[in-house]
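One structure is given here, and the rest of the page talks about it.
Since this is a predicted model, take the numbers as computed values, not measurements. Naming: A, B, ... by sequence-line order, numbering from 1 per chain.
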There are 4 protein chains.
Amino acid sequence: MASRKKEKRQLILEAALQVIAEHGYHQAQVSRIAKEAGVADGTIYLYFKNKEDILVSLFQDRLGDLVARFHESIRDTDSADEALRKICELHYSELESNVALAYVTQIELRQSSLELRKAIGEVVKTYIQLIENVLRQGIEEGLFRADLDVKLTRLLLFGGMDEVVTSWLIAGRKYSLAAQVEKTLEFFLRGLRA
Amino acid sequence: MASRKKEKRQLILEAALQVIAEHGYHQAQVSRIAKEAGVADGTIYLYFKNKEDILVSLFQDRLGDLVARFHESIRDTDSADEALRKICELHYSELESNVALAYVTQIELRQSSLELRKAIGEVVKTYIQLIENVLRQGIEEGLFRADLDVKLTRLLLFGGMDEVVTSWLIAGRKYSLAAQVEKTLEFFLRGLRA
Amino acid sequence: MASRKKEKRQLILEAALQVIAEHGYHQAQVSRIAKEAGVADGTIYLYFKNKEDILVSLFQDRLGDLVARFHESIRDTDSADEALRKICELHYSELESNVALAYVTQIELRQSSLELRKAIGEVVKTYIQLIENVLRQGIEEGLFRADLDVKLTRLLLFGGMDEVVTSWLIAGRKYSLAAQVEKTLEFFLRGLRA
Amino acid sequence: MASRKKEKRQLILEAALQVIAEHGYHQAQVSRIAKEAGVADGTIYLYFKNKEDILVSLFQDRLGDLVARFHESIRDTDSADEALRKICELHYSELESNVALAYVTQIELRQSSLELRKAIGEVVKTYIQLIENVLRQGIEEGLFRADLDVKLTRLLLFGGMDEVVTSWLIAGRKYSLAAQVEKTLEFFLRGLRA
DNA sequence: AATGAATGAGTATTCATTCAT
DNA sequence: CATGAATGAATACTCATTCAT
């Protein structure tokens, strides 16, 4: 029973992702999402409080998963630069391999309500703090400059990668995003190293 | 006559900026902008094709000005690293000294229609190309690494600064943005230098 | 079996009365009544045709009982004025001692559908006819005026008492309703007596 | 200009009255009222805050007028019993000559929202207080019994007349309401007189 | 008999845009 | 040039009822 309920919830979230990716945020009516999920409009409200709750859940679910994978990926790393490599690899490869998610998170969901953007902010914050932790670790290891302002630098790193992904999407995904990892890292590590 | 027309057009754009900055994008109704500008609702449509045209014009006007100032500021520079310093200085100081503009461009206008975001993209593209030119110049001068991917790196630079400004706004402008220039440049130049 | 069926039916009616009294007519959803009765939503429809049927049944049951008690109470009376006293006493005391019923019948159920109000009308009609009978009896006894229009007068009597009860409820039940019997009768009997 | 605005407002109120009288409260959608008034749906909201505001305004306007006429009518009366006659005459004749208003106020608007019923209550209260004043006057004049409880008696008078009107409507207006004045007064005055 | 998950019809309100004055 | 009253399309959400289990 519980799993069935979970399944239908996931079904609706998946439908929402598809609809937003295909038709854009402003054309993602509840009835359209319901139709895509193969359920009645009212059924949506058995699983979500309101429309915003669908979108917030979608973002938290998918990006929450992603952030969890970031944490896992750096668990086995031996040094800060290796950890940073893992982060950049994941950041680019995950969004490249899941275009719908990338499009929805990078483009569509940013034009949403205050409440949703707050929820997005919360998840992104977790990710940015992860980057900060890697920076601190690098400084402790003597690998990164001791005079780094970690609060500022984490923004430069995240903002840089974020812009690369967004630009790649808007330009029509004409090149490999994963192929940008080495050049990105080269730039970042030179900026960080002691 | 022409100047009078220009004046009223500017009056409306200024009103739009104020209303969006004060009440947010979703509360910026045409009638509210008209009231703020001291004109009738219908008058708006003598100067702009539709609501989107107001916002596009606003963005192009103000950010176009800004980009022009970027061009001017680097005209008298002798080297690419000095030019990059000017760019970063302007980027942070202009937005710090014009909070309404910063808030509207960084936060509010990003939740807008596809058409508007395209127009925003056009202006931002000009700016990003300016950065690219500086990078090319630096490489020619032998100041920056010859193996730099300028198309990628310009995104890392712009994205980094952009995120710093947005984060500063969201966090409540509790510190000086201009004071971040040196640390930002330190990171950037280490990443760029040959 | 039959009694068990009756019991559950009564259980649901009692739950409906409680829910309407507590939350008002517009907040008395079928699911809420089902929850209050401790049964599933679907179970309701094994005992009632639809929601309206619950409310009609509720009104007929409880007010039907009440009217039956009116009939009983005047059975042992010797004269029309004594019968009228019994009626007024019962009318005030029964509703005073059963506030939930009073509130539901006087306030909440009046804002309901045409169908329900028709059903209410049927029950109230029986009561009004009872009053009419007493009036006829009084005329026969030579106690009441022979020129009374019993069809009109029964409405004046019922409407008067009804308004007194409703007003007492709306005003917050700050005084004794039963204490109004003597003054009410004084007014009525003066109007009726030959 | 002001009168034109007033006219359209009245036009909408009149349309609302017609629609409710014809189709009932639950079928009185805003779009139906707009169509009946010959205006666009949105135009309604230039004159009223929301749907409830239409109904409250309708009730206050029309019944407010009626109560004002009650005040006027008793201004020139010489005694309390004459005043009471005027009240009863107006009560019956006004509602008889304006069936739509009668139907809407006696039947349809009673099944409405709490807010509306509060507004109704306010207007009715004014009327009931008017009756009370007449009763006090009658006592002072020595015309009515000194031991009358005016707070109770005003309810018996209003409730009686109210029930007569409602019953007349529900029964299909098969007889003259105005013809009930004399018999009603006969009953009331016998109950009141010293 | 009992359940409760699923259904889907129905409606008030906002606001960009027009056009008669 | 300027006005502002009027327009009308477009959409989230509730809840009585059903029916497979």
Side-chain angles (χ1 to χ4, degrees), chain A residues 1 4-5 8-9 12 26-35 37-54, chain B residues 1 4-5 8 12 26-35 37-55 113, chain C residues 1 4-5 8 12 26-35 37-55 113, chain D residues 1 4-5 8-9 12 26-35 37-55 113:
Chain A
M1 290 279 272
R4 216 189 251 175
K5 189 153 191 173
K8 190 155 281 188
R9 193 188 145 89
I12 293 168
H26 288 296
Q27 281 304 308
Q29 296 92 341
V30 171
S31 61
R32 203 167 211 161
I33 294 172
K35 202 176 176 183
V39 300
D41 293 19
T43 305
I44 299 274
Y45 294 88
L46 297 175
Y47 297 89
F48 300 94
K49 210 174 69 215
N50 50 35
K51 183 178 178 179
E52 191 160 66
D53 190 29
I54 307 175
Chain B
M1 289 280 276
R4 216 193 249 174
K5 188 156 189 175
K8 190 158 280 189
I12 294 168
H26 288 296
Q27 283 305 306
Q29 296 91 343
V30 171
S31 60
R32 201 168 213 161
I33 294 172
K35 199 177 177 186
V39 301
D41 293 18
T43 305
I44 299 273
Y45 292 87
L46 299 173
Y47 297 89
F48 299 94
K49 208 175 71 208
N50 51 34
K51 182 180 178 178
E52 193 158 63
D53 191 27
I54 308 176
L55 304 178
S113 69
Chain C
M1 288 282 273
R4 215 193 251 175
K5 188 156 189 173
K8 190 157 282 188
I12 293 167
H26 287 295
Q27 283 305 306
Q29 296 90 343
V30 171
S31 61
R32 201 168 213 162
I33 294 171
K35 199 177 176 185
V39 301
D41 293 18
T43 306
I44 298 273
Y45 292 86
L46 299 173
Y47 296 90
F48 299 93
K49 208 176 70 209
N50 50 34
K51 182 180 179 178
E52 194 157 62
D53 190 28
I54 307 174
L55 304 179
S113 69
Chain D
M1 289 278 274
R4 215 190 251 175
K5 189 153 191 174
K8 190 156 279 187
R9 192 189 146 89
I12 294 168
H26 288 295
Q27 281 304 306
Q29 296 92 341
V30 171
S31 61
R32 203 167 211 161
I33 294 171
K35 201 176 176 184
V39 301
D41 292 20
T43 305
I44 299 272
Y45 293 88
L46 296 175
Y47 297 89
F48 300 95
K49 210 174 68 216
N50 51 34
K51 182 178 177 179
E52 190 160 64
D53 190 28
I54 307 175
L55 305 178
S113 70

Whole Å only: how far is the [atom1] atom of [X] from the [atom2] atom of [N]?
X: D:Ile54; N: E:dA12; atom1: CD1; atom2: P; value: 9 Å
X: B:Ile33; N: E:dT17; atom1: CD1; atom2: P; value: 11 Å
X: B:Ile12; N: F:dT3; atom1: CD1; atom2: C1'; value: 13 Å

So, is [X] close to the [N] phosphate, meaning a side-chain N or O under 4.0 Å from OP1 or OP2?
X: B:Lys35; N: F:dG4; answer: no
X: A:Tyr47; N: E:dA5; answer: no
X: C:Lys8; N: E:dA2; answer: yes
X: B:Tyr45; N: E:dC19; answer: no

[X] to [Y] - nearest heavy-atom pair and separation:
X: A:Tyr47; Y: A:Lys8; answer: OH-CD, 3.4 Å
X: D:Phe48; Y: D:Asp53; answer: CA-OD2, 3.5 Å
X: D:Ala28; Y: D:Ile33; answer: O-CD1, 4.0 Å

Please enumerate all protein N or O atoms sitting under 3.5 Å from an N or O of nucleotides 8-11 of chain F, with distances to 0.1 Å.
unit_1	atom_1	unit_2	atom_2	d
F:dG8	N7	D:Gly42	N	3.1
F:dT11	OP1	A:Gln29	NE2	2.9

For the atom pair CD1 (A:Ile12) and CD1 (A:Ile44), what is the distance rounded to the nearest 0.5 Å?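 With rounding to 0.5 Å, CD1 (A:Ile12) is 4.5 Å from CD1 (A:Ile44).
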Between CG on residue A:Leu46 and CZ on residue A:Arg9, distance to nearest 0.5 Å: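 The CG atom of A:Leu46 sits 12.5 Å away from the CZ atom of A:Arg9.
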Residues two or more places apart in sequence or in another chain: which of them pass side-chain contact (heavy atoms from CB on, under 4.5 Å) with B:Gln27?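 Partners of B:Gln27 under the side-chain contact (heavy atoms from CB on, under 4.5 Å) test: B:His23, B:Gln29, B:Arg32.
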Dot-bracket pairing map - DNA chain E, Watson-Crick plus G-U, both contacts under 3.5 Å, | cross-strand: .||||||||||||||||||||
Nearest heavy atom decides the nucleotide; on that basis, is B:Lys49 or D:Glu52 closer to the 5' end of DNA chain E?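 Taking each residue's closest nucleotide, the earlier one in sequence belongs to D:Glu52.
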